[in-house]
Amino acid sequence: MLKAVILIGGPLKGTRFRPLSLDIPKPLFPVAGLPMIQHHIEACAKVPGLNEILIIGAYSKNDLAQFVREMSSTYGIIIRYLQEFTPLGTAGGMYHFRDQIRSGSPMYFFVMNGDVCADFPLQEMVDFHNSKQALLTIMATEATRQQSLNYGCMVLGKEGEVAHYVEKPSTFVSTLINCGVYLASLEIFQTMADVFHANQQQEHIMQLCCNGRDPAHISFEQDILTRLAGSGRLFAIPVLRWWSQVKTAGSAIYANRHYLALYKQKHPNRLASTSNDSCNIIGDVYIHSSATVHPTSILGPNVSIGPNTTIGAGVRIRESIVLANAHIQAHSLILHSIIGTGTNVGEWARVEGTPCDPNPNKPFAKMENLPLFNVNGKLNPSITILGTSVSLAAEKILLNSIVLPHKELTRNYKNEIIL
Ligand code: GDD
Ligand code: GTP
């Protein structure tokens, strides 16, 4: 038997994803028509013998309850949400809920960061882990020299063994990075227990929590991976398939495009086509069955249209996500943007953002999760985001801007954050 743990953090995380994460927990933000972590669940449900998924985070139970119910019934496996009373770090939560993970004695369990997206190679990881008798296997990929500093970096010894691991190094270590997807054997809890007891003792000596943190706080990367490197039981499986972090709204557009491309191979029925649907479709497009799309509109490539939306006559949408209940009025144009829930875009309006894709000329380049502002205090060009229930008047132009919820926009805006 196998299990999986999905780490989703809490409301204090995912700040770079605002304003999109103001109304909905970031892990439930829809990418290619499905909540972000449903893609993880779907990948897990395909692994033979995997029959339980534990989602661990600090969001309130109410935020996740309906999603968890729906997922259990859709995939027919046990899915539970375990709430941390305070963020305990990437391993602290797992250690806290260790009895729940260990119950039923699974042979191995996956650990997946909720904020990554990928063509997850889960079965390959099981086969690899088995063949190595590993304690822990890390999914790894290549990054550029410069970008590697933003990730966990590792140096491999013989036969995929991790000889050296450094989390977000300050100087170059290796271009092989940690993808935030692991397969662990149950003995990993012994290593966590050692770290936990060492933390407790340190607290006792200092009469202070370590750096003001909860003494039960354990970082999977800093406390466990670094400790296991060189022990002969930590392995990495380098993967060349598509993988990315989802930290900013720009990376949601990028993830949307790749998940739609995966549908083409794995779920072609989820993609709209000109022959079935009455509007004009270019490339990969997802349209929720409850959306009303005018036959003269042109959608695609890489567009997701959410439930109960209306798309008017002559509308053009490309490389964008339109969330539930939004209304895109006739002849408006939407490029590289995310349109929030219940938002209204007036007739002949133009909403346009700047794509922030990885540099296609650099092999292994990843998304550049740029900060909101550059060194000169100017907004970095990025995709345009309209928050929940925004209203953009007819014939207005909105370029490279971020609009917070419930705004009424009656003039043109360029490179602005509209608070
Ligand atoms: N339950 C819980 N509790 N989850 C947490 C907590 C916590 O206290 N802290 C973080 N997480 C979740 C986040 O929601 C995310 O899914 C994952 O754990 C890792 O988040 P971060 O701690 O922000 O790390 P990171 O994303 O910057 O880096 C990690 O992922 C990279 C790949 O995306 C590291 O594992 C890197 O080594 C790795 O390269
Ligand atoms: P390329 O596709 O790179 O050639 O770009 P483009 O010069 O055709 O235009 P742009 O990237 O600005 O727009 C992409 C698509 O939207 C094109 O198919 C345009 O025909 C269409 N488009 C551009 N402006 C408008 C507009 O104001 N209204 C509508 N309905 N469609 C538009």
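Start at 1 and go down the list; that is how both ligands and their atoms are numbered. Side chains included, hydrogens not; waters and symmetry mates left out as well; all remaining heavy atoms used. Given the structure is predicted, the values throughout are model-derived calculations rather than measurements.
Side-chain contact check for Asn178 and Tyr165: at least one donor-acceptor pair (N or O, by modelled atom type) lies under 3.5 Å. No hydrogens or angles considered: nothing links the side chains of Ser401 and Glu416 as a donor-acceptor pair under 3.5 Å. Remark: the Asn344 side chain and the Ser391 side chain contain no N/O donor-acceptor pair separated by less than 3.5 Å. Side-chain atoms of Thr341 and Asn325 include no donor-acceptor pair closer than 3.5 Å.
At a heavy-atom cutoff of 4.0 Å, ligand 1 is contacted by the backbone of Leu88 but not by its side chain. Contacts between Tyr182 and ligand 1, counted as non-hydrogen atom pairs separated by less than 4.0 Å, involve the side chain only. When non-hydrogen atoms are compared, ligand 1 lies under 4.0 Å from neither the backbone nor the side chain of Asn150. Counting heavy atoms under 4.0 Å from ligand 1, residue Val116 touches it through the side chain alone. If you look at Lys168 next to ligand 1, the close heavy atoms, those under 4.0 Å, all belong to the side chain. Residue Tyr59 does not touch ligand 1, judged by heavy-atom distances below 4.0 Å.
Each of the following atoms of ligand 1 lies closer than 4.0 Å to a heavy atom of Glu221: 29 (C), 34 (C), 35 (O), 37 (O). Of all the atoms in ligand 1, the ones that sit under 4.0 Å from a non-hydrogen atom of Ile56 are 1 (N). Of all atoms in ligand 1, numbered sequentially from 1 with element shown, those under 4.0 Å from a heavy atom of Lys247 are 23 (O), 25 (P), 26 (O), 27 (O). For ligand 1, the atoms lying closer than 4.0 Å to a non-hydrogen atom of Tyr151 are 39 (O). The distance from ligand 1 to the heavy atoms of Thr90 drops below 4.0 Å at these ligand atoms: 10 (C), 11 (N), 18 (O), 19 (C). Ligand 1 places these atoms under 4.0 Å from at least one heavy atom of Gly57: 1 (N). Near Gln245, the atoms of ligand 1 lying under 4.0 angstrom from a non-hydrogen atom of the residue are 26 (O), 31 (C), 32 (C), 33 (O). The ligand atoms of ligand 1 that sit less than 4.0 angstrom from a heavy atom of Pro87 are 8 (O).
The existence of a salt bridge linking Arg227 and Glu221 is excluded, since no basic side-chain nitrogen approaches an acidic carboxylate oxygen closer than 4.0 Å. By the 4.0 Å N-to-carboxylate-O rule, Asp284 lies close enough to Lys264 to be salt-bridged with it.
Partners of Arg233 according to the salt bridge (charged side-chain N to carboxylate O under 4.0 Å, His left out) rule, which considers only residues two or more places apart in sequence or in another chain, are Glu187. In this structure, the side-chain contact (heavy atoms from CB on, under 4.5 Å) partners of Leu419, at least two apart in sequence or on a different chain, are Leu404, Ile417.
Expressed to the nearest 0.5 Å, how far CE of Met125 lies from CE of Met139 amounts to 7.5 Å.
The shortest N/O to N/O separation between Asn113 and ligand 1 falls below 3.5 Å. Checked by distance only, ligand 1 and Gly180 stay at 3.5 Å or farther apart across all their nitrogen or oxygen atoms.
If you look at Phe29 and Phe17, their ring centroids are closer than 6.0 Å. Note: His40 and Phe110 fail the aromatic proximity criterion, with ring centroids not under 6.0 Å apart.
Looking at Gly152, Gly10, Ala58, Gly9, it is Gly9 that brings a heavy atom closest to atom 4 (N) of ligand 1.
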